[in-house]
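The chain is numbered in sequence order, starting from 1.
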Amino acid sequence: MIKRFFILSSLCMVLGVSAQKSHTVVQGDNPYNIAKKYGITVDELLKLNPKNKDGKLAIGDVLTIKSDKAVTPVVTKTVVAEKVNHTTGTSVGKIVLQPKQTIYGITKQYRISETDLRKLNPELDSHMKIGDEITLPLASIKKYGGDQQAVVTTKPVETSAEKPTVSTPAAVEGETYVIQAKDNYYRITKQFGITQQDLFTLNPGLEEKGLKPGETIKIKKSHTDTVAVTEPAANPKEKMDSGNEKSSSASNVVVGDDYVTYTVQQGDTVFSIVNKFGVSIDELIALNPDLSHGLKTGMVLKIKKQDAAYVKKNGDVLSVVLMLPFGYSTNETQYRGMALDFLTGAKLAIERNARSGQKLDVKIVDSGNESSFKNSLTQINPDNTDLIIGPFFKSNVIDVLDFTKNQKIPIVAPFANTPELYNYSNLIIVETNNQTYADKIVDEVKAVYSDQKIYVVADAKKENANYIKSGLEKAVKNPNVVIVNSPSDIQLDQNMMTGQSAPVIAILANDDMGDAFATKISALSKEVQGVKAFSMFYSPVFEKKVDELSQASLVYLMDRKINTDGNFEKEILAAYKTKYCKTPPKYAIVGFDVVNDMLTRENKKGEIFKQMNKVQTQLATKFEFVKSKANGAYVNTGYRVIRLVP
C-alpha cells in the first residue's frame, strides 16, 4: 500500500472536500466560509440543507456537507500560457489548483523551491483557492504534471517587444466585462474604479463562486472618490520614501491621529492584516470587538499606529554583526561546535547575497559565555551597526537590547523565545514557541472531534499538556481530556451501549517519547478503527512507521524540513558540500536560514522591519513573522504540518 505525505504551511487553509459528511456549526461560521472550507458552492450547501435555505445558522446546527452519490472523477486541464518569464529566462505555464493541493505539495510535485514558486506567484497566499491558477515552469508542468497533464494550449503570450501595450478603457456605468485568466478582485476593482462591495452587489453570487475566466460580469464606475488623509511625514525624505506604499492602498486605508482605519478586502485574513500593520491579534480584536464574530469583506477596522521603522545610516553598505558563543576568550568549548556550524551556514548565505550585489560589512564577535558576555559588547559600535544576529541566550539578548536601546538596531535572536522578550520592538525572534504548536494541535483535534475521549501525554512540567487541555475545553463541546505521564497509559474507551472498544484521540505533548507513542498508537489502531493521533513534535520513528501510524491519521508538526526536490534547496546543499565537503549539520542549516532570511529582507535603506510581512521559506525553515503586541517583538510563527494519510 502506498502512503502519502501531505505537508501544509502553518496558516494555509486546508483545501479540498473533507471526507466527513457533516459539519457542526460553531461561533463565527457562515454559509460562505463553510462552503469554502469544504470546496463546494453556497448554493450546493443550501440545497443539501433545505431547512437552512435562508442562510441563517445557529451554533450547534449539524449541516450535511457531502451527498452519498458517487463522485465522478474530474480530469484536470492545465491551461498553459507558454510565455517567457524575463526574470528567469524560462517558459512558464499555469496549473489550476485542485482540492488538497498545497504550497508544499506543489513544490514537491513540480520540483521547484518555495522561493522560486513565490517569485512566479507573488500573491500566492491570498489566492490558495480551488480553481486558482498557479504559474510554474512549463517544462515542470509537462514533466511532472501527472493527472494535470491534459494540456490545453493557448496562443503564446506576446512580449512587450512584440506587441504594444494597450490599456483597457475605463467602463461606463452599466457596462459588462469578460473575466480574463489573470484577473482577481483587486485587479478588476482598481481597473474600473469600484469597490468590491459594489462588484458583489452588481453580481449576486460572485463572492461565493469566485472569478471564472470567460464569464461576463457587470461593472460600473464609482461616482465617489475616496480620499486618504495622510499623516505629515517627519521630514521630506521620509515622505518620499513612504509615498508609494501609502498610495498603493489609499482606497482602503485612512490615517488618523492615534490609529488608522482599514477596509477589509476580499482575500484578507486576520493574519495578513496583523502582518500588514505590525500589530498583534489581541490588539486588533481589542479595538474591533466585532472581529470575534468573524472577518467580513467591507468591515472597517481600527488599527493602532506604529513607530517609524529603523533606517540604516551607512550609505549603501549594510553593517552586520554576528555574535556567536565560540568561548575562545574564556577557553570554554561547550557551545563552540554549535557556533562553528552556525557560522559555516551563515558564511554561505553572506557570500550568496554578496554575489547578488548586496554590499555587506560583516563582523564576527565571540560572545563567550553568559557571565563574560558583557565584555564582548565593547567590540560593537552601535552608531555604525545596522543589524545584529545573535546572541544565542536570552539573558545575552536582553543585554544587547539594553546596549543598543538608543539606536533601535534590529536584533535577531536565533534561539531565545520567551514572553519576557516580547516587549522589545526592535527584536526579531526566530524560534517558534510551543504555544504556537499547541494552538495548532487544538485546531487539528477540533476538526475531527466527535465525543471521543482525549489523552494528552505530558512531560514532567505538564505546561504543554495543560495548555492543550485548556484550549480543548474552550474549543469543543464537553471534552473528556485526561493528562497522562506515559503513552502506555492511553487506553481504548468503551461504548456504553454495546460494551465494545471505542476509538480515542491521543496527543503527544512532549519531545522525548516519540518511540513509545508510535508503538502504542500502532497497537491501538490494530485493535479498533478510528483512533486519531497528534504530536506537537517530530520524532524520526514517525518516518519509519508510516504504514502503522497512517491508520491513526497521525498529524505532527515540524519547525524545519528540507524539500530535497526543490531547485533552491538542491543548489544550497550542493554549494555547502562543495565548500565544506559534507552535508550541512543542524546548526549549519539554522545559520544559513537565519542569515539568508534576514539579508533578503533588507533593502538598500536597511528598512528590514518594512519587509517582515513577507512569508519566506529558506533551506529548511519557514519564516512567518507576526507582531507580539503593539511596538513589540516580531515572532516567527512558521512551521510545517505533516499528515499521514491511510
Side-chain angles (χ1 to χ4, degrees), residues 310 312 314 317-330 332-356 358-370 372-404 407-417 421 424 426-431 572 575-576 579-580 584-602 606 608 618-621 623 634 636:
Y310 170 85
K312 76 183 181 75
N314 293 306
V317 178
L318 185 75
S319 296
V320 182
V321 171
L322 295 182
M323 302 194 74
L324 307 176
F326 298 111
Y328 290 119
S329 59
T330 55
E332 287 187 293
T333 62
Q334 184 177 2
Y335 302 107
R336 188 172 298 169
M338 175 183 179
L340 287 170
D341 283 347
F342 188 98
L343 180 59
T344 60
K347 287 177 67 176
L348 200 66
I350 292 166
E351 292 166 359
R352 178 182 176 83
N353 283 274
R355 284 195 301 271
S356 298
Q358 193 172 34
K359 297 179 181 179
L360 300 169
D361 177 15
V362 180
K363 183 176 184 178
I364 300 169
V365 174
D366 181 358
S367 59
N369 58 27
E370 291 190 73
S372 65
F373 174 76
K374 289 189 178 180
N375 293 331
S376 66
L377 293 176
T378 60
Q379 302 177 52
I380 301 174
N381 177 5
D383 295 322
N384 194 37
T385 301
D386 299 313
L387 176 66
I388 299 176
I389 299 177
F392 287 2
F393 312 111
K394 182 191 75 173
S395 60
N396 296 163
V397 172
I398 293 175
D399 287 338
V400 176
L401 288 163
D402 290 340
F403 182 69
T404 61
Q407 293 82 6
K408 291 291 183 182
I409 300 168
I411 310 294
V412 182
F415 301 109
N417 184 337
L421 297 172
Y424 296 90
N426 59 318
L427 182 62
I428 300 168
I429 298 174
V430 169
E431 282 290 287
I572 302 305
Y576 190 93
K579 188 175 181 66
Y580 300 108
K586 175 182 177 180
Y587 291 109
I589 293 171
V590 177
F592 175 85
D593 284 357
V594 171
V595 175
N596 199 59
D597 190 76
M598 293 304 124
L599 293 184
T600 54
R601 290 180 192 274
E602 288 279 10
I608 189 171
Q618 301 298 337
L619 182 58
T621 314
F623 295 90
Y634 286 93
N636 187 19

If we only count heavy atoms from C-beta on, is the F373 to F393 side-chain gap below 4.5 Å?
-> no
Whether Y580 side chain and T344 backbone form a donor-acceptor pair below 3.5 Å | yes
In this structure, CZ of F592 is separated from CG of D597 (nearest 0.5 Å) by 10.0 Å
Q) Between Y587 and Y335, does a ring pair (Phe, Tyr, Trp, His ring centres under 6.0 Å) hold up when you go through it step by step? A) CA-CA 11 Å; Y587 291 109; Y335 302 107; 9.8 Å; no
Distance col, row N396:CG vs K374:NZ, nearest 0.5 angstrom, shows 10.0 Å
Is a side-chain N or O of K363 found less than 3.5 angstrom from the main chain of Q379, in a donor-acceptor match?
-> yes
**Asked** Side chains of I350 and L322: does their closest heavy-atom pair fall under 4.5 Å?
**Response** yes
Rounded to the nearest 0.5 Å, the CE atom of M338 sits from the OG1 atom of T333 at a distance of 14.0 Å
Rounded to the nearest 0.5 Å, the CG atom of L387 sits from the CG atom of L360 at a distance of 10.0 Å
TODO: For the residue pair D341 and K586, establish whether any side-chain heavy-atom pair is separated by less than 4.5 Å.
DONE: no
Would you check if V590 and V430 make a side-chain contact, meaning some heavy-atom pair closer than 4.5 Å? no
Here the gap from L377 atom CG to D402 atom CG, rounded to the nearest 0.5 Å, amounts to 10.0 Å
Quick one: are V397 and L401 in side-chain contact, heavy atoms under 4.5 Å?
yes
**Prompt:** Is there a donor-acceptor contact under 3.5 Å from the side chain of E602 to the main chain of L318?
**Reply:** no
Side-chain contact test, heavy atoms from C-beta onward, threshold under 4.5 Å: evaluate it for F403 versus P382 and give yes or no.
-> yes
Between L427 and A413 the two heavy atoms that sit nearest each other are CD1-CB, 4.1 Å
**Message:** What verdict does the side chain to side chain contact (heavy atoms under 4.5 Å, CB included) test give for I608 and I428, after you've listed the backbone C-alpha separation in whole Å, the side-chain angles of each residue and the deciding distance to 0.1 Å?
**Reply:** CA-CA 10 Å; I608 189 171; I428 300 168; 4.1 Å; yes
Closest non-hydrogen atoms of P391 and P414, given as atom of the first, atom of the second and distance, are O-CD, 3.5 Å
| message | In the structure I gave you, are the side-chain heavy atoms of L599 and V320 within less than 4.5 Å of one another anywhere? | response | yes
Rounded to the nearest 0.5 Å, the CD1 atom of I429 sits from the CD1 atom of I411 at a distance of 12.0 Å
Item to complete: Give a yes or no answer on whether the side chain of D366 reaches the backbone of F326 with a donor-acceptor pair at less than 3.5 Å.
Response: yes
Tightest non-hydrogen contact, residues R336 and G327, listed as NH2-O, 3.3 Å
inquiry  = Main chain of S319, side chain of D361: is a donor-acceptor contact present, judged purely on distance under 3.5 Å?
reply    = no
Practice prompt. Using a 4.5 Å cut-off on heavy atoms from C-beta on, say whether the side chain of I388 contacts that of P410.
Written response: no
Check your understanding: Got a donor-acceptor contact below 3.5 angstrom from the D593 side chain to the Q618 backbone?
Key -> no
When every non-hydrogen atom of Y576 is compared with those of P585, the smallest separation belongs to OH-CD, 3.6 Å
task = Could you give me the CA-CA distance, side-chain angles and deciding distance for Q407 and T385, then say whether side chain to side chain contact (heavy atoms under 4.5 Å, CB included) is met?
result = CA-CA 9 Å; Q407 293 82 6; T385 301; over 6 Å; no
